[in-house]
Amino acid sequence: MTKTFSAALLIASAVGSVLLPAGPAHAQSAACSAAVDLINASIAESNGDLNPTVQQTLATKLAAIDATGADKDAIDAYAHALTDDNVSSMDAATTEFNRVCAG
């Protein structure tokens, strides 16, 4: 299932604001930074078409990130939302990821 994504897709800055995908991404922890890098790369490589194959690949890569605590919870929740057929919009997962990882 192709999911809808908010316009400000997981691009968290160090000051906590959300940037558009064209801007550089910054995160507070190494795990969040790795997640942002993977998400940005997936968006770029797929030309913004996060189809089910891209979603599954991204979810697998996100699950492999060595994270702990709230970072792990937010990254895992985002990865799960990517592959959950009951989730039609990534807005809630995106918001939570940005809240945790924006610092």
Side-chain angles (χ1 to χ4, degrees):
M1 161 192 285
T2 299
K3 303 184 187 299
T4 61
F5 293 84
S6 65
L9 182 62
L10 289 171
I11 308 301
S13 78
V15 295
S17 62
V18 178
L19 305 174
L20 295 175
H26 304 283
Q28 94 179 36
S29 70
C32 285
S33 182
V36 168
D37 289 347
L38 287 172
I39 294 163
N40 287 343
S42 292
I43 292 167
E45 291 168 7
S46 68
N47 293 318
D49 178 21
L50 296 181
N51 63 55
T53 301
V54 174
Q55 291 171 20
Q56 180 61 55
T57 300
L58 176 56
T60 300
K61 289 177 181 179
L62 290 172
I65 292 174
D66 183 22
T68 59
D71 291 353
K72 179 169 179 46
D73 293 343
I75 293 166
D76 287 352
Y78 191 85
H80 177 75
L82 282 168
T83 59
D84 186 343
D85 287 338
N86 293 318
V87 175
S88 60
S89 171
M90 293 299 295
D91 288 350
T94 300
T95 298
E96 179 62 7
F97 178 91
N98 284 333
R99 184 191 69 76
V100 171
C101 287

One should read off an interatomic distance between L38 CG and S33 OG, to the nearest 0.5 angstrom, of 9.5 Å
Of all heavy-atom pairs linking A79 and A59, the shortest is O-CB, 3.5 Å
Minimal heavy-atom distance between A67 and K72, with the atoms involved, is O-CD, 3.3 Å
CZ (F97) and CG (D71) are apart, to the nearest 0.5 Å, by 8.0 Å
Please answer whether the main-chain N or O of N86 pairs with a side-chain N or O of D84 as donor and acceptor at a distance below 3.5 Å.
-> yes
In this structure, OG1 of T57 is separated from CG of L62 (nearest 0.5 Å) by 11.0 Å
Where the side chain of Q55 meets the backbone of L50, is there a donor-acceptor pair that is under 3.5 Å apart? yes
Rounding to 0.5 Å, atoms CG (L58) and OG (S46) come to a distance of 9.0 Å
Here the gap from I75 atom CD1 to H80 atom NE2, rounded to the nearest 0.5 Å, amounts to 16.0 Å
OH of Y78 to CD1 of I39, rounded to nearest 0.5 Å, is 5.0 Å
